[in-house]
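Have a look at the structure below, then the notes.
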Amino acid sequence: YTENARGPAATATAAEADGGDDGKLPLVVILEDFESFNSAALQDFVAMCSHYRATTPVTLVFGVATTMGALHRVFPQSSSALLNFKQFMAASPATTFDHVMRAL
């Protein structure tokens, strides 16, 4: 969970839950406005990602508009145990665009 220009953000990585890393690039799924998703559907999605993590590592990026507690309210212990929550700072789209334009 990190406060930024677009609001707080958090990331969870199902592929790293078992501590293994075989060098495969993960499939990255970005869920902006995390609180608007159906919690049962998110729990099922995390379970499916965890099931296939050996063949298809997945990184889930949750855009959280409130607090990190929102993640813990949506995911019961059984789902949270499958995730490796990490915090990061995300730049605003305007900042990212400015960096790209300066690099050109």
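Nothing here was measured: the structure is a model prediction, and the numbers come from that model.
- Rounded to the nearest 0.5 angstrom, Ser36 OG and Leu31 CG are separated by 9.0 Å.
- Side chain of Gln43 to main chain of Val74: a donor-acceptor pair is present (N/O by atom type, distance under 3.5 Å, no hydrogens or angles).
- Residues Thr59 and Leu27 have side chains not in contact (no heavy-atom distance under 4.5 Å, counting atoms from C-beta outward).
- Asp33 places none of its side-chain heavy atoms less than 4.5 Å from the side chain of Val64.
- Closest approach of Leu82 to Ala47, counting heavy atoms only: CD1-CA, 4.1 Å.
- Remark: the backbone N or O of Tyr52 is paired with a side-chain donor or acceptor of Thr55 at under 3.5 angstrom.
- Within 6.0 Å of CZ on Phe97 lie no more than 12 heavy atoms contributed by other residues, nucleotides or ligands.
- Rounded to the nearest 0.5 Å, atoms CZ (Phe45) and OG (Ser79) are 12.5 Å apart.
- Closest approach of Gly63 to Glu35, counting heavy atoms only: O-OE1, 4.0 Å.
- From Arg53, atom CZ reaches atom CE of Met48 across 14.5 Å, with rounding to the nearest 0.5 Å.
- Closest of all the heavy-atom pairs between Val58 and Leu60 is CG1-CD2, 3.6 Å.
- Ring pair Phe62/Phe85: centre-to-centre distance not below 6.0 Å.
- Considering only heavy atoms from C-beta on, Val61 stays 4.5 Å or farther from Val29 through its side chain.
- Across every non-hydrogen atom of Ala41 and Asn38, the tightest pair is N-OD1, 2.9 Å.
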